[in-house]
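These notes are about the structure you will find just below.
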2 protein chains.
Amino acid sequence: MANTREHLMAATKELLWERGYEATSPRAILEKSGAGQGSFYHHFSSKAALAAAALQEAADDMRVNLEPVLHSDAPALQRIRNYLTMPREELRGCRIGRMTHEPIIVQDETLRDPIEAYFSYAEQELATVLAEAQREGTLSESINVDDLAATLLATVQGGYVLARGFQDPERMHQAIRGVLTLIDAIEQKKEV
Amino acid sequence: MANTREHLMAATKELLWERGYEATSPRAILEKSGAGQGSFYHHFSSKAALAAAALQEAADDMRVNLEPVLHSDAPALQRIRNYLTMPREELRGCRIGRMTHEPIIVQDETLRDPIEAYFSYAEQELATVLAEAQREGTLSESINVDDLAATLLATVQGGYVLARGFQDPERMHQAIRGVLTLIDAIEQKKEV
DNA sequence: GTCTATATCGAGATAGAC
DNA sequence: GTCTATCTCGATATAGAC
(Lines give C-alpha, C1' and ligand atoms only; values in the text may rest on other atoms or scores of the structure.)
Protein backbone atom coordinates (compact mmCIF):
# COMPACT_ATOMS: atom_id res chain seq x y z
CA MET A 1 0.00 0.00 0.00
CA ALA A 2 1.52 3.30 -1.04
CA ASN A 3 -0.85 5.22 1.19
CA THR A 4 -0.52 3.27 4.39
CA ARG A 5 0.66 6.45 5.96
CA GLU A 6 -2.58 8.21 5.02
CA HIS A 7 -4.60 5.32 6.37
CA LEU A 8 -2.77 5.58 9.68
CA MET A 9 -3.41 9.30 9.80
CA ALA A 10 -7.10 8.96 8.97
CA ALA A 11 -7.64 6.29 11.59
CA THR A 12 -5.80 8.35 14.18
CA LYS A 13 -7.85 11.45 13.44
CA GLU A 14 -11.04 9.50 14.04
CA LEU A 15 -9.82 7.85 17.19
CA LEU A 16 -8.46 11.06 18.69
CA TRP A 17 -11.81 12.70 18.09
CA GLU A 18 -13.71 9.84 19.64
CA ARG A 19 -11.47 8.83 22.53
CA GLY A 20 -8.79 11.47 22.99
CA TYR A 21 -5.08 10.90 23.09
CA GLU A 22 -4.41 8.72 26.10
CA ALA A 23 -7.26 6.36 25.37
CA THR A 24 -6.15 5.85 21.77
CA SER A 25 -3.80 2.88 21.59
CA PRO A 26 -1.45 2.00 18.76
CA ARG A 27 -3.26 -1.30 18.62
CA ALA A 28 -6.59 0.41 17.96
CA ILE A 29 -5.00 2.55 15.26
CA LEU A 30 -3.62 -0.52 13.55
CA GLU A 31 -6.95 -2.29 13.62
CA LYS A 32 -8.87 0.69 12.30
CA SER A 33 -6.36 1.53 9.60
CA GLY A 34 -5.68 -2.03 8.52
CA ALA A 35 -1.95 -1.40 8.78
CA GLY A 36 0.50 -3.70 10.54
CA GLN A 37 2.82 -3.14 13.48
CA GLY A 38 5.82 -2.65 11.30
CA SER A 39 4.19 0.06 9.21
CA PHE A 40 3.30 2.13 12.24
CA TYR A 41 6.84 2.50 13.48
CA HIS A 42 8.22 2.75 10.00
CA HIS A 43 6.16 5.85 9.20
CA PHE A 44 6.09 7.42 12.65
CA SER A 45 8.60 7.33 15.43
CA SER A 46 5.99 7.12 18.19
CA LYS A 47 2.35 7.45 19.03
CA ALA A 48 2.99 11.09 19.94
CA ALA A 49 4.50 11.83 16.54
CA LEU A 50 1.55 10.29 14.74
CA ALA A 51 -0.91 12.13 16.95
CA ALA A 52 0.82 15.45 16.35
CA ALA A 53 0.53 14.97 12.60
CA ALA A 54 -3.09 13.90 12.90
CA LEU A 55 -3.98 16.90 15.06
CA GLN A 56 -2.36 19.20 12.56
CA GLU A 57 -4.47 17.73 9.78
CA ALA A 58 -7.62 17.95 11.87
CA ALA A 59 -6.95 21.63 12.57
CA ASP A 60 -6.39 22.22 8.87
CA ASP A 61 -9.71 20.54 8.08
CA MET A 62 -11.46 22.87 10.49
CA ARG A 63 -9.86 25.92 8.92
CA VAL A 64 -11.13 24.77 5.56
CA ASN A 65 -14.65 24.57 6.99
CA LEU A 66 -14.47 27.94 8.68
CA GLU A 67 -13.00 29.94 5.86
CA PRO A 68 -15.95 30.13 3.44
CA VAL A 69 -18.40 30.93 6.23
CA LEU A 70 -16.46 33.94 7.44
CA HIS A 71 -15.51 35.16 3.98
CA SER A 72 -18.81 34.92 2.13
CA ASP A 73 -20.27 38.07 0.61
CA ALA A 74 -22.88 38.39 3.33
CA PRO A 75 -22.82 41.40 5.68
CA ALA A 76 -20.26 40.97 8.42
CA LEU A 77 -22.69 40.48 11.28
CA GLN A 78 -24.57 37.94 9.21
CA ARG A 79 -21.34 36.01 8.69
CA ILE A 80 -20.96 35.92 12.45
CA ARG A 81 -24.45 34.48 12.74
CA ASN A 82 -23.62 31.97 10.05
CA TYR A 83 -20.57 30.92 12.02
CA LEU A 84 -22.61 30.41 15.15
CA THR A 85 -25.26 28.37 13.38
CA MET A 86 -23.11 26.34 11.04
CA PRO A 87 -23.77 22.59 11.30
CA ARG A 88 -21.76 20.83 13.97
CA GLU A 89 -21.53 17.35 15.34
CA GLU A 90 -22.70 18.43 18.75
CA LEU A 91 -22.41 15.09 20.47
CA ARG A 92 -18.98 14.26 19.13
CA GLY A 93 -17.51 17.42 20.57
CA CYS A 94 -14.82 19.60 19.03
CA ARG A 95 -11.89 17.68 17.62
CA ILE A 96 -9.53 20.36 18.84
CA GLY A 97 -11.20 21.60 21.99
CA ARG A 98 -11.70 18.11 23.40
CA MET A 99 -7.96 17.62 23.61
CA THR A 100 -7.33 20.56 25.91
CA HIS A 101 -8.08 18.74 29.12
CA GLU A 102 -5.53 16.00 28.70
CA PRO A 103 -2.45 17.04 30.68
CA ILE A 104 -0.14 15.15 28.39
CA ILE A 105 -1.37 17.14 25.38
CA VAL A 106 -1.02 20.45 27.12
CA GLN A 107 2.47 19.68 28.41
CA ASP A 108 3.88 18.50 25.11
CA GLU A 109 4.77 21.45 22.86
CA THR A 110 4.35 19.39 19.72
CA LEU A 111 0.88 18.25 20.64
CA ARG A 112 -0.42 21.55 21.97
CA ASP A 113 0.88 23.54 19.05
CA PRO A 114 -1.81 22.67 16.49
CA ILE A 115 -4.48 23.37 19.09
CA GLU A 116 -3.20 26.78 20.08
CA ALA A 117 -2.64 27.64 16.42
CA TYR A 118 -6.19 26.77 15.49
CA PHE A 119 -7.78 28.71 18.34
CA SER A 120 -5.54 31.62 17.55
CA TYR A 121 -6.58 31.54 13.91
CA ALA A 122 -10.29 31.28 14.72
CA GLU A 123 -10.20 34.17 17.20
CA GLN A 124 -8.33 36.32 14.72
CA GLU A 125 -10.76 35.60 11.94
CA LEU A 126 -13.78 36.29 14.10
CA ALA A 127 -12.27 39.51 15.42
CA THR A 128 -11.58 40.64 11.86
CA VAL A 129 -15.17 40.06 10.80
CA LEU A 130 -16.44 41.87 13.89
CA ALA A 131 -14.23 44.80 13.02
CA GLU A 132 -15.78 44.80 9.54
CA ALA A 133 -19.20 44.95 11.16
CA GLN A 134 -18.04 48.05 13.01
CA ARG A 135 -16.95 49.61 9.73
CA GLU A 136 -20.28 48.67 8.18
CA GLY A 137 -21.97 50.45 11.06
CA THR A 138 -23.89 47.46 12.46
CA LEU A 139 -21.71 46.96 15.51
CA SER A 140 -20.93 49.67 18.03
CA GLU A 141 -17.35 50.91 18.00
CA SER A 142 -17.35 50.62 21.77
CA ILE A 143 -17.28 46.84 21.58
CA ASN A 144 -13.88 45.20 22.00
CA VAL A 145 -13.77 42.82 19.07
CA ASP A 146 -11.07 40.60 20.53
CA ASP A 147 -13.08 40.02 23.68
CA LEU A 148 -16.24 39.34 21.74
CA ALA A 149 -14.43 36.95 19.41
CA ALA A 150 -13.23 35.02 22.45
CA THR A 151 -16.77 34.93 23.77
CA LEU A 152 -18.12 33.49 20.53
CA LEU A 153 -15.46 30.80 20.42
CA ALA A 154 -16.05 30.02 24.06
CA THR A 155 -19.79 29.74 23.57
CA VAL A 156 -19.26 27.17 20.85
CA GLN A 157 -16.71 25.25 22.87
CA GLY A 158 -18.87 25.38 25.95
CA GLY A 159 -21.86 24.38 23.84
CA TYR A 160 -20.07 21.16 23.00
CA VAL A 161 -19.38 20.55 26.67
CA LEU A 162 -23.04 21.04 27.58
CA ALA A 163 -24.28 18.91 24.69
CA ARG A 164 -22.04 16.09 25.79
CA GLY A 165 -22.82 16.51 29.46
CA PHE A 166 -26.52 16.24 28.76
CA GLN A 167 -26.07 13.93 25.79
CA ASP A 168 -28.41 16.27 23.97
CA PRO A 169 -27.51 18.40 20.94
CA GLU A 170 -30.25 20.85 21.83
CA ARG A 171 -28.19 22.10 24.78
CA MET A 172 -25.61 23.47 22.42
CA HIS A 173 -28.27 25.09 20.26
CA GLN A 174 -29.71 26.73 23.34
CA ALA A 175 -26.38 28.34 24.22
CA ILE A 176 -25.99 29.49 20.62
CA ARG A 177 -29.49 30.94 20.55
CA GLY A 178 -28.73 32.87 23.72
CA VAL A 179 -25.70 34.57 22.24
CA LEU A 180 -27.53 35.20 18.97
CA THR A 181 -30.21 37.01 20.93
CA LEU A 182 -27.60 39.21 22.57
CA ILE A 183 -26.10 40.02 19.19
CA ASP A 184 -29.52 40.86 17.76
CA ALA A 185 -30.10 43.13 20.73
CA ILE A 186 -26.94 45.16 20.21
CA GLU A 187 -27.09 45.30 16.42
CA GLN A 188 -27.21 48.86 15.15
CA LYS A 189 -29.74 49.35 12.40
CA LYS A 190 -28.22 51.09 9.45
CA GLU A 191 -29.81 54.33 8.22
CA VAL A 192 -32.07 53.80 5.21
CA MET B 1 -7.55 4.94 59.99
CA ALA B 2 -11.23 5.52 60.47
CA ASN B 3 -11.33 7.94 57.59
CA THR B 4 -9.47 5.96 54.98
CA ARG B 5 -12.56 6.18 52.88
CA GLU B 6 -12.44 9.97 52.97
CA HIS B 7 -8.77 9.94 52.07
CA LEU B 8 -9.53 7.78 49.06
CA MET B 9 -12.29 10.13 48.00
CA ALA B 10 -10.17 13.25 48.43
CA ALA B 11 -7.30 11.78 46.44
CA THR B 12 -9.68 10.67 43.69
CA LYS B 13 -11.29 14.09 43.46
CA GLU B 14 -7.89 15.66 42.92
CA LEU B 15 -6.74 13.11 40.39
CA LEU B 16 -9.97 13.21 38.40
CA TRP B 17 -9.66 16.98 38.20
CA GLU B 18 -6.05 16.81 37.09
CA ARG B 19 -6.03 13.77 34.82
CA GLY B 20 -9.58 12.72 34.11
CA TYR B 21 -11.06 9.30 34.61
CA GLU B 22 -9.19 6.98 32.28
CA ALA B 23 -5.81 8.38 33.16
CA THR B 24 -6.42 8.00 36.89
CA SER B 25 -5.20 4.60 38.04
CA PRO B 26 -6.06 2.83 41.27
CA ARG B 27 -2.35 2.76 41.93
CA ALA B 28 -2.11 6.56 41.75
CA ILE B 29 -5.09 6.89 44.07
CA LEU B 30 -3.47 4.60 46.60
CA GLU B 31 -0.22 6.50 46.52
CA LYS B 32 -1.86 9.89 46.87
CA SER B 33 -4.25 8.80 49.60
CA GLY B 34 -1.76 6.72 51.54
CA ALA B 35 -4.24 3.84 51.62
CA GLY B 36 -3.38 0.26 50.74
CA GLN B 37 -4.69 -2.09 48.07
CA GLY B 38 -6.98 -3.86 50.44
CA SER B 39 -8.67 -0.67 51.62
CA PHE B 40 -9.52 0.39 48.12
CA TYR B 41 -11.55 -2.67 47.30
CA HIS B 42 -12.93 -2.90 50.78
CA HIS B 43 -14.54 0.54 50.58
CA PHE B 44 -15.39 0.58 46.90
CA SER B 45 -16.28 -2.22 44.55
CA SER B 46 -14.38 -0.75 41.60
CA LYS B 47 -12.61 2.28 40.25
CA ALA B 48 -15.88 3.34 38.63
CA ALA B 49 -17.74 3.21 41.96
CA LEU B 50 -15.12 5.33 43.66
CA ALA B 51 -15.07 7.80 40.79
CA ALA B 52 -18.85 8.13 40.84
CA ALA B 53 -18.78 8.97 44.54
CA ALA B 54 -15.92 11.42 44.03
CA LEU B 55 -17.69 13.16 41.16
CA GLN B 56 -20.80 13.50 43.26
CA GLU B 57 -18.80 15.18 46.01
CA ALA B 58 -17.06 17.46 43.54
CA ALA B 59 -20.40 18.55 42.12
CA ASP B 60 -21.67 19.22 45.63
CA ASP B 61 -18.61 21.35 46.35
CA MET B 62 -19.34 23.41 43.28
CA ARG B 63 -22.94 23.93 44.31
CA VAL B 64 -21.74 25.19 47.66
CA ASN B 65 -19.53 27.72 45.87
CA LEU B 66 -22.23 28.85 43.51
CA GLU B 67 -25.05 29.23 45.97
CA PRO B 68 -23.97 32.35 47.89
CA VAL B 69 -22.97 34.18 44.71
CA LEU B 70 -26.39 33.76 43.12
CA HIS B 71 -28.35 34.35 46.31
CA SER B 72 -26.65 37.41 47.72
CA ASP B 73 -28.71 40.53 48.29
CA ALA B 74 -27.26 42.27 45.26
CA PRO B 75 -29.53 43.20 42.33
CA ALA B 76 -30.17 40.19 40.09
CA LEU B 77 -28.11 41.35 37.13
CA GLN B 78 -25.25 42.15 39.45
CA ARG B 79 -25.40 38.60 40.81
CA ILE B 80 -25.03 37.37 37.25
CA ARG B 81 -21.95 39.53 36.83
CA ASN B 82 -20.63 38.21 40.12
CA TYR B 83 -21.09 34.68 38.84
CA LEU B 84 -19.19 35.44 35.67
CA THR B 85 -16.31 37.07 37.50
CA MET B 86 -16.03 34.78 40.49
CA PRO B 87 -12.51 33.43 41.00
CA ARG B 88 -11.75 30.27 39.07
CA GLU B 89 -8.77 28.04 38.57
CA GLU B 90 -8.63 28.80 34.88
CA LEU B 91 -5.75 26.51 34.01
CA ARG B 92 -7.04 23.55 35.93
CA GLY B 93 -10.29 23.53 34.01
CA CYS B 94 -13.74 22.70 35.34
CA ARG B 95 -13.84 19.60 37.51
CA ILE B 96 -17.18 18.67 36.03
CA GLY B 97 -16.94 19.97 32.48
CA ARG B 98 -13.56 18.35 31.85
CA MET B 99 -15.11 14.91 32.23
CA THR B 100 -17.62 15.31 29.43
CA HIS B 101 -15.28 14.32 26.66
CA GLU B 102 -14.40 10.92 28.00
CA PRO B 103 -16.63 8.40 26.24
CA ILE B 104 -16.56 6.05 29.17
CA ILE B 105 -17.96 8.74 31.46
CA VAL B 106 -20.70 9.68 29.09
CA GLN B 107 -21.72 6.09 28.46
CA ASP B 108 -21.90 5.07 32.08
CA GLU B 109 -25.12 6.29 33.73
CA THR B 110 -23.58 6.33 37.17
CA LEU B 111 -20.67 8.47 36.07
CA ARG B 112 -22.58 10.89 33.88
CA ASP B 113 -25.31 11.44 36.42
CA PRO B 114 -23.49 13.85 38.76
CA ILE B 115 -22.35 15.84 35.75
CA GLU B 116 -25.75 16.22 34.19
CA ALA B 117 -27.25 17.01 37.59
CA TYR B 118 -24.76 19.78 38.25
CA PHE B 119 -25.19 21.41 34.86
CA SER B 120 -28.92 21.17 35.25
CA TYR B 121 -28.76 22.81 38.65
CA ALA B 122 -26.48 25.61 37.46
CA GLU B 123 -28.64 26.41 34.43
CA GLN B 124 -31.76 26.46 36.56
CA GLU B 125 -30.20 28.76 39.11
CA LEU B 126 -28.92 31.16 36.48
CA ALA B 127 -32.25 31.19 34.69
CA THR B 128 -34.02 31.96 37.94
CA VAL B 129 -31.78 34.93 38.65
CA LEU B 130 -32.23 36.19 35.10
CA ALA B 131 -35.99 35.98 35.55
CA GLU B 132 -35.60 38.07 38.71
CA ALA B 133 -33.72 40.64 36.68
CA GLN B 134 -36.69 40.79 34.35
CA ARG B 135 -39.00 41.37 37.29
CA GLU B 136 -36.64 44.05 38.58
CA GLY B 137 -36.87 45.70 35.19
CA THR B 138 -33.17 45.54 34.27
CA LEU B 139 -33.52 42.77 31.70
CA SER B 140 -35.88 42.87 28.75
CA GLU B 141 -38.82 40.49 28.96
CA SER B 142 -38.10 39.49 25.39
CA ILE B 143 -34.98 37.61 26.44
CA ASN B 144 -35.34 33.85 26.84
CA VAL B 145 -33.79 33.26 30.21
CA ASP B 146 -33.15 29.55 29.65
CA ASP B 147 -31.21 30.24 26.48
CA LEU B 148 -29.22 33.01 28.11
CA ALA B 149 -28.48 30.84 31.14
CA ALA B 150 -27.10 28.18 28.79
CA THR B 151 -24.98 30.82 27.07
CA LEU B 152 -23.48 31.98 30.35
CA LEU B 153 -22.63 28.44 31.41
CA ALA B 154 -21.20 27.73 27.98
CA THR B 155 -19.06 30.84 28.06
CA VAL B 156 -17.51 29.75 31.33
CA GLN B 157 -16.99 26.19 30.15
CA GLY B 158 -15.57 27.39 26.85
CA GLY B 159 -13.42 29.87 28.73
CA TYR B 160 -11.76 26.97 30.51
CA VAL B 161 -11.15 25.27 27.18
CA LEU B 162 -9.52 28.37 25.73
CA ALA B 163 -7.44 29.01 28.84
CA ARG B 164 -6.11 25.48 28.69
CA GLY B 165 -5.58 25.52 24.95
CA PHE B 166 -3.49 28.65 25.22
CA GLN B 167 -2.17 27.82 28.67
CA ASP B 168 -3.13 31.35 29.60
CA PRO B 169 -5.78 32.31 32.17
CA GLU B 170 -6.30 35.63 30.39
CA ARG B 171 -8.05 33.85 27.53
CA MET B 172 -10.87 32.90 29.84
CA HIS B 173 -11.09 36.42 31.22
CA GLN B 174 -11.32 37.74 27.69
CA ALA B 175 -14.32 35.55 26.90
CA ILE B 176 -15.94 36.60 30.16
CA ARG B 177 -15.32 40.28 29.45
CA GLY B 178 -16.95 39.85 26.06
CA VAL B 179 -20.15 38.49 27.49
CA LEU B 180 -20.13 41.08 30.29
CA THR B 181 -19.98 43.77 27.62
CA LEU B 182 -23.01 42.29 25.89
CA ILE B 183 -24.90 42.20 29.17
CA ASP B 184 -23.99 45.81 29.92
CA ALA B 185 -25.21 46.74 26.46
CA ILE B 186 -28.64 45.20 26.92
CA GLU B 187 -29.16 46.25 30.52
CA GLN B 188 -32.27 48.40 30.93
CA LYS B 189 -31.69 51.36 33.16
CA LYS B 190 -34.33 51.64 35.84
CA GLU B 191 -36.32 54.84 36.13
CA VAL B 192 -35.05 57.09 38.91
C1' DG C 1 7.95 -1.00 3.61
C1' DT C 2 5.79 -4.66 6.01
C1' DC C 3 5.65 -8.88 8.92
C1' DT C 4 5.89 -11.76 13.24
C1' DA C 5 7.91 -12.36 17.67
C1' DT C 6 9.19 -10.65 21.86
C1' DA C 7 9.92 -7.39 25.87
C1' DT C 8 8.61 -4.36 29.63
C1' DC C 9 5.47 -2.16 32.23
C1' DG C 10 1.37 -0.58 34.43
C1' DA C 11 -3.85 -1.09 34.81
C1' DG C 12 -7.38 -3.10 37.30
C1' DA C 13 -8.73 -6.48 40.12
C1' DT C 14 -8.85 -10.96 43.18
C1' DA C 15 -7.19 -14.11 47.10
C1' DG C 16 -6.46 -15.13 51.40
C1' DA C 17 -3.78 -14.10 55.59
C1' DC C 18 -3.75 -10.97 59.69
C1' DG D 1 -10.46 -3.01 57.73
C1' DT D 2 -6.00 -3.54 56.00
C1' DC D 3 -1.95 -6.11 54.14
C1' DT D 4 0.89 -8.65 50.68
C1' DA D 5 0.90 -11.69 46.86
C1' DT D 6 -0.73 -12.83 42.58
C1' DC D 7 -3.34 -12.79 38.10
C1' DT D 8 -4.59 -11.37 33.46
C1' DC D 9 -4.53 -8.16 30.02
C1' DG D 10 -3.46 -4.39 27.11
C1' DA D 11 -0.23 -0.32 26.16
C1' DT D 12 3.79 0.94 23.84
C1' DA D 13 7.26 -0.16 21.84
C1' DT D 14 11.87 -2.94 19.84
C1' DA D 15 14.19 -6.76 17.00
C1' DG D 16 15.20 -8.89 13.15
C1' DA D 17 13.51 -11.58 9.17
C1' DC D 18 11.34 -11.03 4.46
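In what follows, every chain begins at residue 1, and chains take the letters A, B, ... in the order their sequences are listed.
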Measure [atom1]/[X] against [atom2]/[N] and give the value in whole Å, please.
{"X": "L30(B)", "N": "dG10(C)", "atom1": "CG", "atom2": "P", "result": "15 Å"}
{"X": "Y41(B)", "N": "dC7(D)", "atom1": "OH", "atom2": "P", "result": "17 Å"}
{"X": "L8(A)", "N": "dG1(C)", "atom1": "CG", "atom2": "C1'", "result": "12 Å"}
{"X": "Q37(B)", "N": "dC3(D)", "atom1": "CD", "atom2": "P", "result": "10 Å"}
{"X": "E22(A)", "N": "dT12(D)", "atom1": "CD", "atom2": "C1'", "result": "13 Å"}
{"X": "N3(B)", "N": "dG1(D)", "atom1": "CG", "atom2": "P", "result": "12 Å"}
{"X": "H7(B)", "N": "dT2(D)", "atom1": "NE2", "atom2": "C1'", "result": "14 Å"}
{"X": "R5(B)", "N": "dG1(D)", "atom1": "CZ", "atom2": "C1'", "result": "13 Å"}

pair [X]-[Y]: side-chain heavy atoms closer than 4.5 Å:
{"X": "I183(A)", "Y": "L84(A)", "value": "yes"}
{"X": "T181(B)", "Y": "T151(A)", "value": "no"}
{"X": "T4(A)", "Y": "H42(A)", "value": "no"}

Distance test, side-chain N/O of [X] to OP1/OP2 of [N], below 4.0 Å:
{"X": "S39(B)", "N": "dC3(D)", "answer": "yes"}
{"X": "H42(A)", "N": "dC3(C)", "answer": "no"}
{"X": "S46(B)", "N": "dG12(C)", "answer": "no"}

Select one nucleotide: of [options], the one nearest the side-chain heavy atoms of [X].
{"X": "S25(B)", "options": "dT2(C), dA11(C), dT12(D)", "result": "dA11(C)"}
{"X": "R27(B)", "options": "dG12(C), dT2(C), dA11(C)", "result": "dA11(C)"}
{"X": "H43(A)", "options": "dA11(D), dG12(C), dG1(C)", "result": "dG1(C)"}
{"X": "K47(B)", "options": "dG10(D), dG12(C), dT2(D)", "result": "dG12(C)"}

Can you find a side-chain donor-acceptor pair between H173(A) and E90(A) that sits under 3.5 Å?
yes

Heavy atoms only, 4.0 Å cut-off, all strands: where does S45(B) land among base, sugar-phosphate and nothing?
nothing

Taking Y83(A) as the fixed residue, which of R81(A), M86(A), R79(A) is the one that meets the side-chain contact (heavy atoms from CB on, under 4.5 Å) rule?
M86(A)

